[in-house]
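Working notes, structure below.
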Protein chains: 2
Amino acid sequence: MLKVLQNIAKHVSLTKEEEALFLSKTETKQFKAKTILLSAGEVATCTYFVNSGILRSFNINDNIIEHVLHFACEGWWIGDMYSYISEKPGNLFIEVLEDAEVVIITKENQQQLYQEIPKLERFFRILAENSLVSHQERLMDNLSLTAEERFEKFCSKYPTLIQKVPQKHIASYIGVTPEFFSKMKARLLKK
Amino acid sequence: MLKVLQNIAKHVSLTKEEEALFLSKTETKQFKAKTILLSAGEVATCTYFVNSGILRSFNINDNIIEHVLHFACEGWWIGDMYSYISEKPGNLFIEVLEDAEVVIITKENQQQLYQEIPKLERFFRILAENSLVSHQERLMDNLSLTAEERFEKFCSKYPTLIQKVPQKHIASYIGVTPEFFSKMKARLLKK
DNA sequence: AAGGGCACTTAATGTAGGTTAAGAAATTAT
DNA sequence: ATAATTTCTTAACCTACATTAAGTGCCCTT
């Protein structure tokens with residue numbers, strides 16, 4: 001079965017007809033690494049589900065410094081929620097880090113789906129709640145843990161990502177500079 | 001009209017019967033300042049809506065240092081989402097900072113309400129999405145702004161809170177020690 | 001295979017914010 | 001009112017992490 005449907009089935013169960021309806025309102029596309037799916041300043045009109053590959057969302061501060069908000073690999077959803085719900089230009093970029101296949105839902109179609117399959121309202125509620133919890137945890141971690149502890153937590157939480165994405169992006173996600181990250185890593189290897 | 005109902009009406013419209021049903025599944029209580037509504041280690045079984053007064057949620061690190069996750073005053077919802085959805089013991093305390101009147105919904109009742117009034121599923125989806133957006137913004141702010149900038153942002157976002165809650169809690173929310181916060185405030189006043 | 005960028009490392013130096021400690025001011029309790 | 005606690009301030013000193021800068025390795029592209 002398709003990965004999106006499997007993902008939805010984790011929280012709500014759709015009939016075959018509903019699944020077909022859902023799929024008819026989505027589009028699946030392939031993207032090469034380095035493709036930008038969304039740029040800061042644009043209004044986010046879509047939500048993305050990753051079938052394969054890796055994406056990241058990030059913003060750019062003072063036109064110089066990038067901050068990674070989120071990585072998304074197989075089975076994850078990603079988007080710019082702020083821009084999506086406010087329909088205002090957002091601050092996030094969404095970029096393909098590793099060749100990816102992505103399921104795309106436009107906001108328009110998502111709204112229609114909410115009318116036609118109210119169960120999806122529940123699904124996306126649960127998705128938002130879970131995402132909220134992990135953002136809360138990350139926020140508290142940033143307030144109370146050292147960079148080293150945050151890195152360890154990252155490693156145990158996303159073991160596959162460490163080998164696959166440039167470490168400067170992991171540094172950014174953790175909240176340190178690439179230089180400090182490199183030093184910290186060397187220190188950890190000595191132990 | 002009651003504040004909770006007004007709050008719900010911002011996103012979905014209920015009939016009189018639905019409103020009555022909703023209210024029948026809630027309980028409104030008064031609490032004195034310093035009351036602890038939820039302690040770390042407990043399973044959160046309720047969500048709270050603040051009619052009046054001020055609450056805060058926080059965790060305690062290494063049994064010493066408190067970190068404020070959230071303030072909630074009139075018209076805000078508060079709870080321990082992690083514990084609430086996982087039904088595991090949580091890390092958060094919820095405390096009354098200023099005598100408060102609080103509308104309480106148990107998880108059990110909330111689940112029933114989802115069945116009986118599917119529109120509430122949408123309401124709480126929107127609530128979670130909005131909360132997610134503000135947590136994302138705060139996370140990025142913690143990564144990219146200085147303490148001073150975060151404080152200024154806090155002031156413009158929650159102007160009423162500054163006079164009302166002990167500044168050590170604001171320091172904690174911002175992510176600095178009370179001592180540094182005091183120094184920073186003195187510096188800002190000189191300008 | 002050579003050249004040009006990225007990504008990573010290392011090291012010197014700088015700074016935002018933490019820690020410790022002690023006293024002053026403001027609340028709260030008696 | 002007075003004592004007791006909590007909150008806030010100030011100041012000296014400390015550290016985790018940032019900045020700058022230079023050098024190394026390595027994937028791309030042609």
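Each chain gets a letter, A, B and so on, in the order the sequences are listed, and its residues count up from 1.
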- Message: Please verify the inter-ring angle class for A/F93 with A/F58; under 30° counts as parallel, over 60° as perpendicular, anything in between as tilted.
- Response: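 Ring orientation of A/F93 relative to A/F58: parallel.
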- Item | Shortest non-hydrogen contact between B/L55 and B/V50, atoms and distance |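 Distance-wise, the nearest heavy atoms are CG-CG2, 3.9 Å.
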- Item | Nearest non-hydrogen partners of A/E74 and A/K3, listed with the distance | OE2-CE, 3.1 Å
Decide, yes or no, whether a salt bridge links [X] with [Y] under the criterion of side-chain N to carboxylate O below 4.0 Å.
X: B/R125; Y: B/E121; answer: no
X: B/D99; Y: B/K32; answer: yes
X: B/K25; Y: B/E108; answer: no
X: B/E66; Y: B/R56; answer: yes

Nearest whole Å is fine: how far is [N] [atom2] from [X] [atom1]?
X: A/Q167; N: C/dT10; atom1: CD; atom2: P; value: 11 Å
X: B/M184; N: C/dG18; atom1: CE; atom2: C1'; value: 14 Å
X: B/F181; N: C/dT19; atom1: CZ; atom2: P; value: 17 Å
X: B/E149; N: C/dG17; atom1: CD; atom2: C1'; value: 14 Å
X: A/E95; N: C/dC6; atom1: CD; atom2: P; value: 13 Å
X: B/L143; N: C/dG17; atom1: CG; atom2: P; value: 13 Å
X: B/H67; N: C/dG18; atom1: NE2; atom2: C1'; value: 12 Å
X: B/L145; N: C/dA16; atom1: CG; atom2: P; value: 15 Å

- Task: Shoot me the first and last contacting nucleotide of DNA chain D against chain B, ordered 5' to 3', at under 4.0 angstrom to non-hydrogen atoms.
- Result: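 Range of nucleotides within reach of chain B: D/dT7 to D/dT10.
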- Could you check whether A/E179 gets within reach of a base, just the sugar-phosphate, or nothing at all, counting any heavy atom under 4.0 Å? base
- Message: Base, sugar-phosphate or nothing for A/K185? Non-hydrogen atoms, less than 4.0 Å.
- Response: sugar-phosphate
- Message: Pick the closest DNA chain D nucleotide for B/S182 and for A/A147 by heavy atoms, then say which residue is nearer the 5' end.
- Response: B/S182
- Query: Should B/R150 be listed as having a side-chain N or O under 4.0 Å from OP1 or OP2 of C/dG17?
  - Reply: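 So the side-chain polar atoms of B/R150 do come within 4.0 Å of the phosphate oxygens OP1 or OP2 of C/dG17, strictly under.
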- Query: Where each residue is assigned the nucleotide of DNA chain C containing its nearest heavy atom, which of A/K168 and B/F180 is assigned the position nearer the 5′ end?
  - Reply: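 Closest to the 5' end, via its nearest nucleotide, is A/K168.
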